[in-house]
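Working notes, beginning with the structure itself.
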Amino acid sequence: MVDLTKLDLKLSSVSEMVALFGVNERYIKVLSHLFKTEIFVNHEEILLDTSDPDLVLRIKRIFEILMQLVRHNIVFNERDIIYIHHIMDTVSDDEILELFLGRKEIIKTFHGKPIYPKTMSQKRYLDAIEKNTLVFGIGPAGTGKTYLAVLYGLKKLKEGFVKKIMLTRPAVEAGENLGFLPGDLKEKIDPYLRPLYDAMYEILGLKQTEEYIEKGVIEIAPLAYMRGRTLENVFVILDEAQNTTISQMKLFLTRLGFNAKMIVTGDITQSDLPSKVESGLIKASEILNDIEGIEIVFFDNSDVVRHPLVQTIIERFENAKN
């Protein structure tokens, strides 16, 4: 064991220490794991089991960023700490602080809890949805692509900017057979839209969500139901778009009407199409990337906002594949 290195940080109060270290010092444990060195707290002192000057500077830097958040009454959690650690080598302190200090509330949950973007890509994505008519959100599972689109659609519905929300996805199975499920095509596809329902329940509550669906204010429809329609005054979300063919993607995008927004989400690495069939999402991202009113936002593994293990699992599978 090397001599312990003391961090020169000035903590002003016990409450500041609790906010910085976490209950039962759980944030200290997360940081110890991230930097692969033991971090100890002795009263107001922070001690590091390393004498590596570069590592000491990096640990001090993240503590200083977190202290700024505490002093601005910004509540953070383990996931925020992991994200800051992941981006701090490529992003300035000011940009990191701006993400938290300048963040805008998207919407409140049914119980009144405000929801904010959690990563810089999520912030760019929401800005893109605000400014553009058609937005593609492309990236791995757990990055919030579809969830944020649903929240923003509900926000615009509540504010009266659109008259309805439409949620759709292609009827392509991820290793399962829709033919064995009971009901018509819509009933078969509903279970696959469960994450979209969950997002609506979180904001509207179960009763209002079901009322909106019954009245057609929220429409859940398979992609096959889009043919022959023009979508006006609608906020439309196409989920799992990597499973569309080029003709299906063209069919969907040409349904666009006036005062409508279209959000297309998907993961181009997870297509369930036959190997010789080109994904409509890939083709669209290639040929529509320089048109005014259309924006493509890419997410990566650092934007995964689920349990930290999800990020590690994704990375391990990608490494094994490579």
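Index from 1, following the sequence.
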Would one find more than 12 heavy atoms of other residues, nucleotides or ligands at under 6.0 Å from atom CZ of F110?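 Incorrect, the count does not exceed 12.
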If two hydrophobic side chains count as joined below 4.5 Å and joins carry through other members, does V70 share a cluster with I74? yes
Assess whether a salt bridge exists between [X] and [Y], defined as any Lys/Arg side-chain N lying under 4.0 Å from an Asp/Glu carboxylate O.
X	Y	result
E159	K155	yes
K108	E105	yes
R58	D54	no
E219	K164	yes
R61	D93	yes

Test: K156 cationic atom under 6.0 Å from F161 six-membered ring centre, within 45° of axis: yes
Heavy-atom check, side chain of [X] versus side chain of [Y], under 4.5 Å:
X	Y	answer
I213	Y197	yes
M200	I218	yes
L256	E232	no
D239	T168	no

Ring centre gap for Y27 and F76 strictly below 6.0 Å: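 So the answer is yes for these two rings.
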Which is it for Q122 and T119 under the side-chain hydrogen bond (donor to acceptor under 3.5 Å, both in side chains) test, yes or no, and what are the steps along the way? CA-CA 5 Å; Q122 288 190 355; T119 72; 4.5 Å; no
